[in-house]
2 protein chains.
Amino acid sequence: MESILIIEDEVDIAKLVGFNFERNGYLVDIAHDGREGLKKILENQPDLVILDLMLPEIDGYKILKKMQRDTRSHSIPVIMLTAKSQIDDRLKGLELGADDYITKPFSPKELILRAKAILKRNRVTPVAEDFSLGPFRFDKNALAFFINHEALSLSLIEFRLFLFLCQRAGQSQDRNDLLKFVWGYSDEIHSRTLDTHMKRLRKKLGKEGSFIETIRGIGYRVRQPE
Amino acid sequence: MESILIIEDEVDIAKLVGFNFERNGYLVDIAHDGREGLKKILENQPDLVILDLMLPEIDGYKILKKMQRDTRSHSIPVIMLTAKSQIDDRLKGLELGADDYITKPFSPKELILRAKAILKRNRVTPVAEDFSLGPFRFDKNALAFFINHEALSLSLIEFRLFLFLCQRAGQSQDRNDLLKFVWGYSDEIHSRTLDTHMKRLRKKLGKEGSFIETIRGIGYRVRQPE
DNA sequence: AAAATATGTGACGAAAACGTCACATATTGA
DNA sequence: TCAATATGTGACGTTTTCGTCACATATTTT
């Protein structure tokens with residue numbers, strides 16, 4: 001279960017917020033001043049901190065600063081609670097590493113939503129799904145293509161076609177198979193569509209275009225890099 | 001053992017062909033009309049289909065079309081059986097994705113030979129790199145998208161955007177993150193570009209578009225299917 | 001209820017993607 | 001060397017994609 005630490009000196013607000021988080025399935029802890037808050041952060045390392053900026057003992061900025069400096073806390077996300085007027089303060093807070101803020105008065109619902117968003121964002125570590133060959137890299141999640149670490153935008157068909165060829169580098173692919181894979185059918189009829197796409201690809205690839213070899217009578221091949 | 005499905009309404013021919021394949025070490029199944037044939041294709045996913053074009057219930061073209069659109073069948077090779085005269089029909093069949101044809105009357109020996117050739121060619125199946133979520137499937141190599149096994153063509157941006165959301169299903173992604181991922185920047189300026197793309201996506205997805213939820217004040221989320 | 005804010009949508013024009021054709025060029029085999 | 005065959009390429013028109021705007025609708029706040 002994910003844990004939330006609420007650092008808020010106004011007891012009513014703390015209770016209200018705490019209640020709402022509990023109702024949404026979070027483990028809630030409350031600290032009523034800055035000193036206590038910081039102690040609990042470092043000791044319990046909650047998954048998220050809701051931090052009022054105006055606090056007795058140690059104010060919110062000081063907490064943010066300390067959190068930043070300490071490895072036990074510097075990656076814990078923080079949502080600030082601020083009064084409506086404190087615009088500069090919010091900016092200062094964001095600079096100090098807070099992830100979000102919400103102005104008083106606020107709706108508990110919105111706070112929960114933001115909290116969820118932040119918690120989940122911090123949880124995702126999407127697996128990179130890349131395919132690399134020589135100077136080429138395909139990011140299959142981003143649908144992005146790189147050549148020597150530089151982005152190069154390929155059209156959908158170009159991406160498909162070149163990925164197909166690169167994944168089978170060293171093997172020549174015959175025209176029918178290419179047509180079938182990329183277009184879903186093989187017309188058998190010889191239009192120059194495939195050639196045109198190869199031409200465009202080679203042009204986009206610049207000097208690396210020479211990786212694409214023509215296998216006369218068969219189709220194309222991407223040369224296996226050394 | 002490799003399995004062959006023969007879809008042929010003339011019982012004698014079906015038996016003859018079936019016998020010959022069995023003698024050559026294949027697992028044979030027979031369907032006597034189109035409806036039955038299609039059902040068996042989808043259920044059993046044979047390694048090869050021998051398909052008579054003239055069939056009761058559902059004709060051969062319809063079967064080819066449906067096979068193409070359905071992920072469970074679109075890569076299963078097909079050899080058509082056609083009458084000598086039906087030249088146009090053969091072309092039509094090849095366009096629809098059939099791999100080969102043979103004209104009646106034919107020698108079982110020739111049919112077996114062609115079948116062997118096709119099966120051999122199809123044996124190399126590169127590893128599919130798929131991401132699935134509920135009714136959705138992304139083929140990251142083919143850059144193809146499927147909804148309930150049916151292909152649906154998405155534009156590059158739509159593919160990127162929806163894959164991103166689906167891979168983080170259940171978590172709301174805020175507008176900035178989406179902009180940043182899909183467009184590489186987040187201008188902060190509120191144009192309606194993102195919304196427009198979401199609208200188009202929802203429309204293309206049809207009734208499954210309801211999987212995309214709007215999180216007001218945050219961004220969007222793809223609902224976690226049960 | 002009215003105002004303020006956020007999201008949804010149809011329409012439009014610009015740009016990119018795409019397929020095809022005619023013709024150029026290259027390769028092969030006789 | 002000369003056909004025959006295969007691939008390369010520029011140009012063109014069509015279709016799709018894309019971003020933006022104005023305005024509609026929905027939700028929240030005052």
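Proteins come first, then strands; the chains are lettered A, B, ... in the order of their sequence lines, and each starts at number 1. None of the values given here were measured: they were computed from a predicted structure.
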S.K.: If I take atom CD1 in residue Ile212(A) and atom C1' in nucleotide dT9(D), what distance separates them, rounded to the nearest angstrom?
M.R.: 15 Å
S.K.: Expressed as a whole number of angstroms, how long is the span from Met198(A):CE to dC18(C):C1'?
M.R.: 16 Å
S.K.: Got a list of protein N/O to nucleotides 10-12 of chain D N/O distances below 3.5 Å?
M.R.:
residue	atom	partner	partner atom	Å
dG10(D)	N7	Lys199(A)	NZ	2.9

S.K.: Sub-3.5 Å donor-acceptor pair from the side chain of Ser3(A) to the main-chain atoms of Asp47(A), do we have one?
M.R.: yes
S.K.: Is any side-chain N or O of His197(B) closer than 4.0 Å to OP1 or OP2 of dC18(D)?
M.R.: no
S.K.: Restricting both atoms to N or O, compile the protein contacts to nucleotides 4-7 of chain D shorter than 3.5 Å, with distance only.
M.R.:
residue	atom	partner	partner atom	Å
dT5(D)	O2	Arg216(A)	NH2	3.1
dA6(D)	O4'	Arg216(A)	NH2	3.0
dT7(D)	OP1	Gly217(A)	N	3.0
dT7(D)	OP2	Arg175(A)	NH1	3.4

S.K.: Kindly write out the residues that satisfy side-chain contact (heavy atoms from CB on, under 4.5 Å) with Ser153(B), not counting sequence neighbours, or none if the list is empty.
M.R.: none
S.K.: Measure from the side-chain N and O atoms of Glu158(B) to the backbone N and O of Leu154(B), and report whether any donor-acceptor pair falls under 3.5 Å.
M.R.: no
S.K.: Nearest nucleotide by nearest heavy atom, which residue falls closer to the 5' end of DNA chain D, Lys204(B) or Thr193(B)?
M.R.: Lys204(B)
S.K.: Return yes if a side-chain donor-acceptor contact under 3.5 Å exists between Ser155(A) and Arg160(A), otherwise no.
M.R.: no
S.K.: Got a donor-acceptor contact below 3.5 angstrom from the Asn148(B) side chain to the Glu150(B) backbone?
M.R.: no
S.K.: Look only at the side chain of Arg137(A) and the backbone of Leu133(A), and say whether a donor-acceptor pair between them is shorter than 3.5 Å.
M.R.: no
S.K.: Taking five pairs at each end of the helix from dA1(C)-dT30(D) to dA30(C)-dT1(D), what angle separates the two helix axes (nearest 10°)?
M.R.: 30°
S.K.: Please table the atom pairs, donor to acceptor, closer than 3.5 Å between any side-chain atom in residues 4-19 of chain A and protein atoms at least two apart or in another chain.
M.R.:
residue	atom	partner	partner atom	Å
Glu8(A)	OE1	Lys104(A)	NZ	3.4
Glu8(A)	OE2	Glu10(A)	N	2.9
Glu10(A)	OE2	Lys104(A)	NZ	3.1

S.K.: If the condition is ring-ring contact (aromatic ring centres under 6.0 Å, His included), which residues does Phe162(B) pass it with, not counting sequence neighbours?
M.R.: Phe136(B), Phe138(B), Phe145(B)
S.K.: For Ser155(A), answer base if it contacts any base atom (sugar-phosphate contacts may also be present), sugar-phosphate if it contacts only those atoms, and nothing otherwise; contact means non-hydrogen atoms under 4.0 Å.
M.R.: sugar-phosphate
